[in-house]
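Data first, discussion second: the structure below is written as C-alpha cells.
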Amino acid sequence: MSQTEQVFLSADWRDLVILNYEVDPNLLNKHVPAGTVLDSFEGKTFLSLVGFRFCNTKLFGSLPIPFHADFDEVNLRFYVRRRNQSEDRRGVVFIAEIVPKQAIATTARLVYDENYVCFPMRHRIVREDSKKTAEYQWKIKEQWCTLTAEVLGVPGHPEEGSLEQFITEHFWGYSTQRNGDCLEYHVSHVPWKVWPSKAVRFEGDVSALYGVQMAEVLKRRPDSAFIAEGSPVTVYKGKKIS
C-alpha cells in the first residue's frame, strides 16, 4: 500500500462462488477503460460471474454502517491490466454489480461510478460433513436467478500459474467515468484458498441486465468454477488515471 492511499471501506468477503467463461475478446473491447488493456490467461479471455457475502463492512476502515454491515453481492466482471511505471497492475472491470440495499448501490455509484443495481437477494451456505454448498439468488422481474456451487474436502491455495490464481489475484479495480476518464482503485487481501467445483449451476434470464450476448454466454456450462474461502479485504479510494 502506498502511504498516500486512503481506506474507503473494509469488510470480510466470504464464500465466493466464481464461474469463469472463455469469451471472444471482441465481446469486451467496448467495456475496456481508457489506459488499460484486456488481460488474458494462456491467451484466453475470461468473463466471470461471482457471488459472495460482504460481512462486517466498515466505512474508512473503522466506521460500522448500521443495518448495512452484512449483505450479498453478485457481479459480472472481466480482467484488465495497466502498465504503471515499473509494474503491471492487474485489475477487474465490472459489467454490473448487484446488491440488495439501495443505499449501498447509490454510494458505490457516486464514489466509483460503478454500475451498481439493487434487487432482492438471498443466499444459502450449507456445510454437511466434507461437503459445502454455496448459493446466491437475486430477483429480476418476479424471476429468481440462481448461482450455486458444491465442493468437497478442504480448500487449498491455487497452484502457481493456475487459472484459479489468475482469477483471484487481480488487486486493482478500474471504472470508466461519465466523462470517459478511468478511475483506478486498490483492493488488498491475502491470497485465497479455493475448492475447485464441477457441481455448478446458473439459472435465470439476465439479458435485461447484461445484454443479450453476455446472457447467452452465461447459458453455457462454465469453463471453470470454484469456491474461494475469502478473507478480510480493504478497498481504497480511487484516483483518475486518464
Side-chain angles (χ1 to χ4, degrees), residues 1-2 5 12-29 31-33 35-53 73-95 130-132 134 147-175 182 184-202 214 217-218 220-236 241:
M1 182 188 76
S2 164
E5 285 186 302
D12 289 349
W13 290 358
R14 297 295 178 185
D15 303 314
L16 295 94
V17 175
I18 305 178
L19 276 55
N20 307 298
Y21 302 82
E22 183 184 348
V23 297
D24 186 326
N26 291 324
L27 179 65
L28 303 175
N29 281 336
H31 300 285
V32 176
T36 72
V37 297
L38 282 173
D39 202 358
S40 62
F41 176 78
E42 296 182 347
K44 300 176 181 178
T45 302
F46 284 91
L47 182 71
S48 297
L49 185 65
V50 181
F52 65 102
R53 298 188 299 127
E73 176 173 318
V74 170
N75 63 63
L76 185 66
R77 70 190 209 180
F78 65 95
Y79 305 91
V80 298
R81 54 189 167 82
R82 183 177 85 89
R83 186 70 180 170
N84 178 54
Q85 297 176 345
S86 61
E87 66 171 337
D88 262 340
R89 291 183 171 176
R90 292 184 132 171
V92 301
V93 177
F94 297 102
I95 301 298
S130 63
K131 184 172 79 170
K132 178 175 182 174
L147 168 64
T148 186
E150 292 182 1
V151 293
L152 293 172
V154 297
H157 287 294
E159 292 184 10
E160 189 72 25
S162 65
L163 176 60
E164 290 82 3
Q165 184 186 53
F166 171 83
I167 295 294
T168 58
E169 296 189 12
H170 279 69
F171 296 111
W172 297 87
Y174 294 95
S175 174
C182 175
E184 176 187 69
Y185 56 95
H186 187 195
V187 180
S188 175
H189 61 78
V190 300
W192 291 331
K193 293 181 178 180
V194 303
W195 296 264
S197 177
K198 295 187 181 300
V200 298
R201 178 170 59 98
F202 169 69
M214 291 190 188
V217 170
L218 298 180
R220 295 174 5 208
R221 181 168 181 80
D223 294 282
S224 82
F226 56 89
I227 295 179
E229 187 175 47
S231 70
V233 172
T234 302
V235 180
Y236 296 92
I241 60 171

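Reckoned from all heavy atoms, side chains included, excluding hydrogens, waters and symmetry mates.
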Taking the side chain as every heavy atom from C-beta outward, state whether [X] and [Y] have any pair of such atoms under 4.5 Å apart.
| X | Y | answer |
| --- | --- | --- |
| Arg83 | Val37 | no |
| Glu229 | Trp195 | yes |
| Pro155 | Val194 | no |
| Val80 | Trp172 | no |
| Val23 | Phe78 | no |
| Leu27 | Thr45 | no |
| Tyr79 | Phe41 | no |
| Phe94 | Ser175 | no |

Practice problem: Examine distances only and state if a side-chain atom of Arg220 and a backbone atom of Glu22 form a donor-acceptor pair shorter than 3.5 Å. | Solution: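 At least one qualifying donor-acceptor pair exists.
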Practice problem: Check for a donor-acceptor pair, side chain of Thr36 on one end and backbone N or O of Arg81 on the other, with a separation under 3.5 Å. | Solution: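 Flag not set: sc Thr36 to bb Arg81 has no pair under 3.5 Å.
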Exercise. Run the numbers on Leu163 and Lys44 for side-chain contact (heavy atoms from CB on, under 4.5 Å), then give the verdict.
Key: CA-CA 10 Å; Leu163 176 60; Lys44 300 176 181 178; over 6 Å; no
Quiz prompt | Glu87 atom CD, over 12 foreign heavy atoms within 6.0 Å | solution =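 More than 12 within 6.0 Å, yes.
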Practice problem: Please round to the nearest 0.5 Å and tell me the distance separating atom CZ of Arg201 and atom CD of Glu150. | Solution: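 These two atoms lie 9.0 Å from each other.
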Exercise. Evaluate the side-chain contact (heavy atoms from CB on, under 4.5 Å) criterion for residues Val187 and Val233: first the C-alpha distance (whole Å), next the side-chain angles of each, then the deciding distance (0.1 Å), finally the verdict.
Key: CA-CA 7 Å; Val187 180; Val233 172; 3.7 Å; yes
Quiz item: Once the angle between the rings of Trp192 and His189 is folded into 0 to 90°, is it parallel (under 30°), tilted (30 to 60°) or perpendicular (over 60°)?
Solution: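 Rings of Trp192 and His189: parallel, as their planes differ by under 30°.
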Practice problem: If the plane angle is over 60° it's perpendicular, under 30° parallel, otherwise tilted; pick one for Trp13 and Phe52. | Solution: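 Aromatic pair Trp13/Phe52 classed tilted.
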Self-check item: Residues Arg77, Ile167; criterion side-chain contact (heavy atoms from CB on, under 4.5 Å); working and verdict
Solution: CA-CA 10 Å; Arg77 70 190 209 180; Ile167 295 294; 4.0 Å; yes
Practice problem: Mind checking side chain to side chain donor-acceptor pair (under 3.5 Å) for Tyr174 and listing every partner two or more places apart, or none if nothing turns up? | Solution: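 Counting only residues at least two positions away or on another chain, Tyr174 forms a side chain to side chain donor-acceptor pair (under 3.5 Å) with Glu184.
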